[in-house]
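Within every chain, numbering begins at 1; the chains are lettered A, B, ... in the order of the sequence lines, protein sequences first and strands thereafter.
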There are 2 protein chains.
Amino acid sequence: MQFSKSTAYGLHALMLLAKSERGRNVGIKELSSSLGASESYLSKIMSKLRQDGLVRAVTGVNGGYELARAASEITFLDVVQVLEGRQHLYECFHGSDHPLPSLEAAGDEPETPEFAFGEGCPVKQVMDAAELQMNRYLQQHTIQSALNQAGSCDAHTASKK
Amino acid sequence: MQFSKSTAYGLHALMLLAKSERGRNVGIKELSSSLGASESYLSKIMSKLRQDGLVRAVTGVNGGYELARAASEITFLDVVQVLEGRQHLYECFHGSDHPLPSLEAAGDEPETPEFAFGEGCPVKQVMDAAELQMNRYLQQHTIQSALNQAGSCDAHTASKK
DNA sequence: CATATAATGGACATTACAGGTCCATAATAA
DNA sequence: TTATTATGGACCTGTAATGTCCATTATATG
């Protein structure tokens with residue numbers, strides 16, 4: 001299990017947009033050369049971010065992208081959910097369309113002492129709660145807060161032009 | 001990003017082993033029929049769990065698997081790390097062998113105000129910390145605790161044979 | 001010892017999906 | 001009108017997850 005590269009690219013792209021002066025559009029060329037990603041691939045990612053309302057895009061000359069709202073209002077969770085999808089990280093096998101284990105044996109097979117799968121499943125409860133811990137953290141951190149963090153302990157590269 | 005099916009199978013297999021009487025070996029046939037997985041596939045998973053010391057296996061007649069230590073000493077994190085690997089969930093693209101963005105421009109291009117990637121990267125700091133939140137939760141929950149949880153709110157299926 | 005049982009590990013097949021490219025189209029500023 | 005720039009569809013590719021098969025090893029039992 002790994003976060004996709006798309007998420008890494010998306011997060012970094014938003015960091016760049018947050019840094020650029022407000023009102024100025026940043027083109028895909030600039031973004032892709034800064035991040036070392038191809039224009040075609042990165043534009044797919046930016047497109048998703050736009051569809052979900054995280055960035056605005058304007059086509060044509062001097063077009064490009066800018067944040068759709070303040071960097072302090074864009075959480076890491078927002079970005080992750082757009083680029084990784086909103087399904088749960090954990091599913092008890094056969095994504096719920098599968099009949100429960102004890103269907104043909106209506107009580108005559110004592111050697112299958114099964115707990116409930118799917119929703120009531122204690123394994124799923126733990127895994128979902130674990131995911132929640134992570135998501136809560138991601139929701140508490142924004143593009144802006146990460147930017148501040150970078151500015152404080154990493155001031156040498158964050159020189160303001 | 002999703003947990004693999006292997007993790008789901010592995011966790012449930014351990015739950016079954018924890019339920020079975022101590023000292024009794026549970027064979028792959030029994031496990032696979034209970035979980036609805038093929039014997040061949042599930043045995044691969046069990047093999048991994050054995051190599052990492054979570055279960056013991058004995059070959060031959062009456063052989064099978066049992067927990068290598070108390071169910072209360074096997075955390076969800078243990079299982080996840082065996083079956084998902086121990087790499088970080090997040091990597092800043094091109095796993096650190098890539099030169100930093102500002103290499104050809106030794107100070108003459110003010111339009112690439114880049115922060116450090118890799119270790120110092122503020123994005124990675126947030127993502128790693130988020131992962132840590134999840135892992136901490138997984139470490140605090142064990143096969144035994146999940147079993148208890150199941151017993152309390154799901155007692156109808158957890159009848160002791 | 002012989003036999004049935006059962007896990008192991010290697011090799012291999014299959015599938016799904018992330019990663020990545022290309023191109024035709026639409027929108028916009030100059 | 002033209003150059004620029006994002007969009008979205010189609011498509012290709014590599015790799016990892018999933019899954020099967022088989023020969024081997026180990027063990028209990030008769």
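In terms of heavy-atom proximity, A:Ile45 sits nearest to A:Gly10 at CG2-CA, 4.0 Å. Shown here for A:His12 and B:Cys121, the closest heavy-atom pair between the two residues is NE2-SG, 3.2 Å. B:Tyr65 and B:Leu17 get closest at one heavy-atom pair: O-CD2, 3.6 Å. In this structure, A:Phe76 and A:Thr142 approach most closely via the heavy-atom pair CE1-O, 3.5 Å.
We find that CD1 of B:Ile45 is positioned 11 Å from P of D:dT20, with the value rounded to whole Å. A:Ile28 has its CD1 atom 21 Å from the P atom of C:dA26, to the nearest Å. Atom CG of A:Leu42 is separated from atom C1' of D:dT7 by 14 Å (rounded to the nearest Å). Distance, A:Asn62 CG to D:dT5 P: 7 Å, rounded to whole Å. The nearest whole Å value for the distance from the CD atom in A:Glu30 to the P atom in D:dA6 is 10 Å. The nearest whole Å value for the distance from the NZ atom in B:Lys44 to the P atom in C:dT8 is 10 Å. Distance A:Asn25 CG to D:dT7 P: 11 Å, rounded to the nearest Å. A straight line from NZ of A:Lys5 to P of D:dG14 spans 14 Å, rounded to a whole angstrom.
Under the salt bridge (Lys or Arg N to Asp or Glu O under 4.0 Å) test applied with B:Glu66, the options B:Lys19, B:Arg50, B:Arg56 reduce to a single match, B:Arg56.
The phosphate of D:dA17 (OP1 or OP2) has no side-chain N or O of B:Tyr9 nearer than 4.0 angstrom. At the phosphate of D:dA16, neither OP1 nor OP2 sits under 4.0 Å from any side-chain N or O atom of A:Gln2. Here A:Tyr41 does not reach the OP1 or OP2 of D:dC12: none of its side-chain N or O atoms lies under 4.0 Å away. Considering only side-chain N and O atoms, A:Ser47 lies under 4.0 angstrom from the phosphate OP1 or OP2 of D:dT7. Contact annotation: A:Ser38 reaches the phosphate of C:dT21 (side-chain N/O to OP1 or OP2, under 4.0 Å). Residue B:Ser6 has no polar side-chain atom (N or O) positioned under 4.0 Å from OP1 or OP2 of D:dA17. Residue A:Arg50 places none of its side-chain N or O atoms closer than 4.0 Å to OP1 or OP2 of D:dA6.
Ranking D:dT5, C:dA6, C:dT8 by closeness to the A:Lys29 side chain, first place goes to D:dT5. With distances taken from any side-chain atom of A:Val61 to the nucleotides D:dT4, C:dT21, D:dT7, the minimum falls on D:dT4.
With rounding to the nearest 0.5 Å, the separation of CD in A:Gln133 from CZ in B:Arg136 is 8.5 Å.
For A:Lys48 against D:dG8, no side-chain N or O and base N or O form a donor-acceptor pair under 3.5 Å.
Nearest-nucleotide positions on DNA chain D for A:Val58 and B:Ser40 put A:Val58 closer to the 5' end. Nearest-nucleotide positions on DNA chain C for A:Thr7 and B:Met46 put B:Met46 closer to the 5' end. If B:Val26 and A:Thr59 are placed on DNA chain C by their nearest nucleotide, the residue sitting closer to the 5' end is B:Val26.
Counting any heavy atom pair closer than 4.0 Å across all strands shown, A:Glu39 reaches no nucleic acid atom. Residue A:Gly60 is classed as a base contact, given a heavy-atom separation below 4.0 Å to a base.
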